[in-house]
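One structure is given below, encoded as structure tokens.
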Amino acid sequence: MALAPVSAPLSTVDGFVKQFLQNLNFDIGVSLSASSRNDQYLALAGTVRDYLMARWLDDQRRQNDLQAKSVCYLSAEYLLGRQLDNNLLAARLTDIATDALAECGIRIDDLREMEVEPGLGNGGLGRLAACFVDSLATLGVPSIGYGIRYEYGIFRQTFVDGQQVEQPDAWLSLGSPWSFPHPEAAQQISFGGHTETYDDRGVTRSRWIPGWNVKAVPYNYMVPGYHNGRVNTLRLWRAVATDAFDLRIFNSGDYEEAVRAQTFAENISKVLYPEDSTPQGKELRLQQQYFFVAASIGDFLDNVLPGDFDLTNLPDRVIFQLNDTHPVIAVPELMRVLVDERGFEWDAAWAITQQCFAYTCHTLLPEALEVWSVDLLGRLLPRHLEIIYRINDDFLEEVRERFGDDELRIRNMSIIGEHPYRSVRMAYLATVAGAKVNGVAELHSQLLRDKVLHDFDEFFPEKFTNVTNGVTPRRFIRLANPTLAELITEALGAGWTVDLDRLRGLEAFAADPEFREKFAAVKAGNKRRLASVLHERDGLTVSDDHMLDVMVKRLHEYKRQMLKVLHIVTEYDKIVSGRATAADITPRTFIFGAKAAPGYAMAKRIIHLINAVGEVVNNDPLVEGRLKVLFPPNYNVTLAERVIPAADLSEQISLAGKEASGTGNMKFALNGALTVGTDDGANVEIRELVGDDNFFLFGMSEPEVEALWAKGYKPSDFYQSDDNLRSAMDLIASGAFSGGDRSVFEPILSNLLYDDRFMVLADYSSYIDAQARVDLAYADQDAWTRSAILNIARCGFFSSDRSIKDYIDRIWHTPPTL
Ligand code: 26W
């Protein structure tokens, strides 16, 4: 039976006011006059939630009835950003809510500011997962996102004397109106203990006798599709102590021990690991990984599938998409459930498992590929280790059959590595077990096949495919850039938000002077908006008449923030050395946003240097305010939504062959910034689409990088032979940015001169040339605007809707059920 249409009155201003006041009075327990902004925010969120609720329940029931094949997206990270505006937009409630609150004497903008974004991810991979759940709901694909409800998300970054200091992100402390805990649907998750064999009517079987367990409690988040009445579910797990465990200890009278045990259990979902490239091999992280995938698989089998389901047909009902290696322990977990708990023969279970997983790789850096020491894995998950060994034995047997006793090949392909210690290579396990393996941009997928997983590509070439990343146009155009969205709708009509290829229609408008003028006004408005945000948030000043040159992304040496620093110092150096006057320099504001992993010393030093350069350049009267370096702390999704629409120039300057895809690059292009970039990741595809005239390409290509390594790269040769470079580095070395202290940034400089793994010095002169072309192009504002519009018109391909359709066609085969 369909639910009563409780939502009907909510789609009127009067109905909305009533429900809002009702929530304020009865859920929050305050009168309007006594309510705080946070109370009002919570009541508003509750009202939006009420509106979506009927659809959500309806959807769950419909999906249940349909029994269609579902995607279970397994991701340790979801970098969601604020929910209020997104949910208002999806439900078409923005105007109604704005008016309703105005009737109550409340400015909705003030309430928007109350929301603390759930920062449950590090960077690109986590944000991609958030874009994907948005597209899955908008396209109407049966799907569940599974992950971890960290109590503390990515740290809040502050600067003290220019250096990064991390603060805990207590995002739940003022309430969490978007989620619903379901303690009754908890899963019990076990760890530790040992395995034993036993005789099952003449067959020897293994079983796991765990040492301890915790409860996984699901928190459900609504994921509304855009204007389609769909509401999908994101299910994030929280760890709590099991009752039995508690009781036993309480009864023994050891209160302290009971509290300790509880804390121990709850630690599992306490905090997001802030590393985003160098896995530390920490036990708690492996606990997190197993905790959430075991809960998710258990949930799907117990609660989503009907009770009498024959698991032989599991591949018809589900595909588990592994977002990088973080959830790969799901592979032996499904095998354990099938073999140990459901009585399947090994081969039958393996045949099922191999069809139920697919793996997305998000990196090319060898040090980012996760491995777990056999020691640790065997201690925490002894049965899983046995299963991994068996998978590996069977696999290597097949390799032998095909290639003979090629021991080198066998060693290279083994899921178990031996050096420097015995370990499980999670990427290899995922590749062997997965039906498909994909990279996240054309170049990246090619390099995976040619290099990182070359032997596997030879062994099963049909597994490998590409799905180029995408970003959701709902959040990154509609919400982030409402004036641009209006201009596009004015030009093209509605509909482009869910069919981004229609942006092509803007090509014709790029030639229209009136449209260009309107576009320029939109950009100028976005710059003013950013200026006011940065002023209020950080006391920073953005001048109206500067080019905004933006580099926002995690701080990592391969992304080469140092190349950007060297460009800035070169410009400054020209002025202080008298090689140029301020008047010769195109006025630019450089904006950085970047968090460094707390244990990544070099990255933190580079942050310090950026702040130090800003301090000097911004205050030197010789510069006459024509160069500004701004580094607002704590770059996050909320700030991204303000920075990206205001940008003129997007910095995508990683060493070719290192950035798997990038997704910031897409967001900037779709908001009409031009890119200065290397031939890396998805930059390659952006450039192909927008054309060379509308993209500033520089630097070595990936084959050129390889060739230079092969020949022998000597960074000091570049330092010696390039006067600008030498002078800029010497200026830093002189202590000019460190109060005369030459030691502060010395480690950065010697790293560049003697190590320079990411070839900053080799690409420097090409980068400086590209920036000169940028200046030249920017001098013709009208031509620049035309290029900006063409960037938007030609980048519709980068909608995450297209990515999801590619996943459906190439990997999932799960048609939408709209
Ligand atoms: C601690 C271990 C670890 C290692 C890698 C944690 C997280 C990672 C991620 C894979 C890092 C990441 O976010 N990768 C980025 O994924 C994006 C989405 O595909 C790509 O666009 C970026 O190029 C890639 O760096």
Side-chain angles (χ1 to χ4, degrees), residues 73-79 119-132 147-148 150 154 271-286 288-289 321-328 359-372 426-427 430 437-445 447-448 452 466-472 476 552-560 594-600 603 637 652-669 677-678 680-686 758 798 800 803-804 806-807:
Y73 199 78
L74 300 180
S75 178
E77 304 190 6
Y78 290 89
L79 195 44
L120 309 185
N122 273 288
L125 160 137
R127 183 53 236 178
L128 185 76
C131 285
F132 280 4
I148 301 172
Y150 301 104
I154 187 68
V271 58
L272 167 78
Y273 274 92
E275 276 78 41
D276 82 330
S277 60
T278 36
Q280 301 288 317
K282 292 265 175 61
E283 178 158 2
L284 181 59
R285 185 165 165 95
L286 181 57
Q288 291 183 335
Q289 296 182 349
Q321 186 66 36
L322 303 166
N323 198 25
D324 215 83
T325 53
H326 318 150
V328 169
Y359 161 54
T360 306
C361 178
H362 294 265
T363 188
L364 278 160
L365 303 183
E367 69 266 30
L369 293 175
E370 265 185 322
V371 298
W372 288 107
M426 301 308 270
V437 176
N438 76 285
V440 288
E442 291 288 353
L443 174 67
H444 175 234
S445 296
L447 292 172
L448 275 184
V452 187
N466 172 250
V467 179
T468 297
N469 283 166
V471 303
T472 173
F476 290 105
V552 286
K553 50 186 79 247
R554 282 298 286 257
L555 200 309
H556 201 293
E557 287 164 280
Y558 85 79
K559 296 180 187 281
R560 301 200 295 190
K595 290 179 184 178
Y600 188 173
V637 177
Q652 309 299 337
I653 60 180
S654 52
L655 177 64
K658 297 295 177 195
E659 188 70 273
S661 162
T663 44
N665 48 4
M666 302 168 186
K667 294 164 197 165
F668 280 101
T678 47
D680 199 15
N683 294 355
V684 176
E685 290 157 75
I686 294 176
F758 301 105
F798 299 108
S800 46
S803 305
I804 291 300
D806 286 350
Y807 274 99

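Order of listing sets the numbers, starting from 1, for every ligand and every atom in it. All values reported here derive from a predicted model rather than from experimental measurement.
- Note: no N/O pair closer than 3.5 Å links G123 and ligand 1 by distance alone.
- Ligand 1 places these atoms under 4.0 Å from at least one heavy atom of V440: 19 (O).
- Considering K282, Q280, E77 in turn, K282 is the only one that fulfils the side-chain contact (heavy atoms from CB on, under 4.5 Å) rule with Y273.
- Between E77 and ligand 1, no N or O atom pair is found at a separation short of 3.5 Å.
- Here is the list of ligand 1 atoms found below 4.0 Å of a heavy atom in A660: 23 (O).
- Close contacts between ligand 1 and Y558 involve ligand atoms 25 (O) [criterion: under 4.0 Å to a heavy atom].
- With hydrogens and angles left out, the side-chain atoms of H444 and N466 include no donor and acceptor closer than 3.5 Å.
- Considering backbone and side-chain N/O of R285, none are found under 3.5 Å from N/O of ligand 1.
- At the shortest separation from atom 19 (O) of ligand 1 among protein heavy atoms lies H362 ND1, 2.6 Å.
- Side-chain polar atoms of T360 and N323 form no donor-acceptor pair below 3.5 angstrom.
- Among protein heavy atoms, the minimum distance from atom 7 (C) of ligand 1 is reached at H326 CE1, 3.5 Å.
- The closest heavy-atom contact to atom 18 (C) of ligand 1, among the options T278, V471, N469, comes from N469.
- With hydrogens and angles disregarded, no donor-acceptor distance shorter than 3.5 Å links the side chain of E557 to the backbone of F758.
- In this structure, A597 and R554 approach most closely via the heavy-atom pair N-NH2, 3.6 Å.
- Within the listing of ligand 1, atoms 20 (C), 21 (O), 22 (C), 23 (O) sit less than 4.0 angstrom from a heavy atom of G662.
- The main-chain N or O of I653 is never found under 3.5 Å from a side-chain atom of E659 such that the two would form a donor-acceptor pair.
- For the residue pair S654 / D680, a side-chain donor-acceptor distance below 3.5 Å is found, with atom types taken as modelled.
- Closest approach of C131 to G470, counting heavy atoms only: CB-O, 4.3 Å.
- Of the protein's non-hydrogen atoms, E275 O, 3.3 Å is the one closest to atom 1 (C) of ligand 1.
- Of all the heavy atoms of T363, none lies under 4.0 Å from any atom of ligand 1, so neither backbone nor side chain is involved.
- Scanning all protein heavy atoms for the shortest distance to atom 13 (O) of ligand 1 gives L125 N, 2.9 Å.
- The protein non-hydrogen atom at the shortest distance from atom 22 (C) of ligand 1 is E659 OE1, 3.4 Å.
- Residue contacts with ligand 1 for R554 are absent, since no atom lies close enough (heavy atoms, distance under 4.0 Å).
- Among all protein heavy atoms, the one lying closest to atom 8 (C) of ligand 1 is D276 O, 3.3 Å.
- In this structure, D324 is part of the shell of residues with a heavy atom less than 4.0 angstrom from ligand 1.
- Across L448 and T363, no two heavy atoms sit closer than the pair CD2-O, 4.3 Å.
- Heavy atoms of Q280 stay at 4.0 angstrom or farther from ligand 1.
- The shortest heavy-atom contact between A441 and A682 is CB-N, 3.8 Å.
- A donor-acceptor contact closer than 3.5 angstrom links the side chains of E370 and T325.
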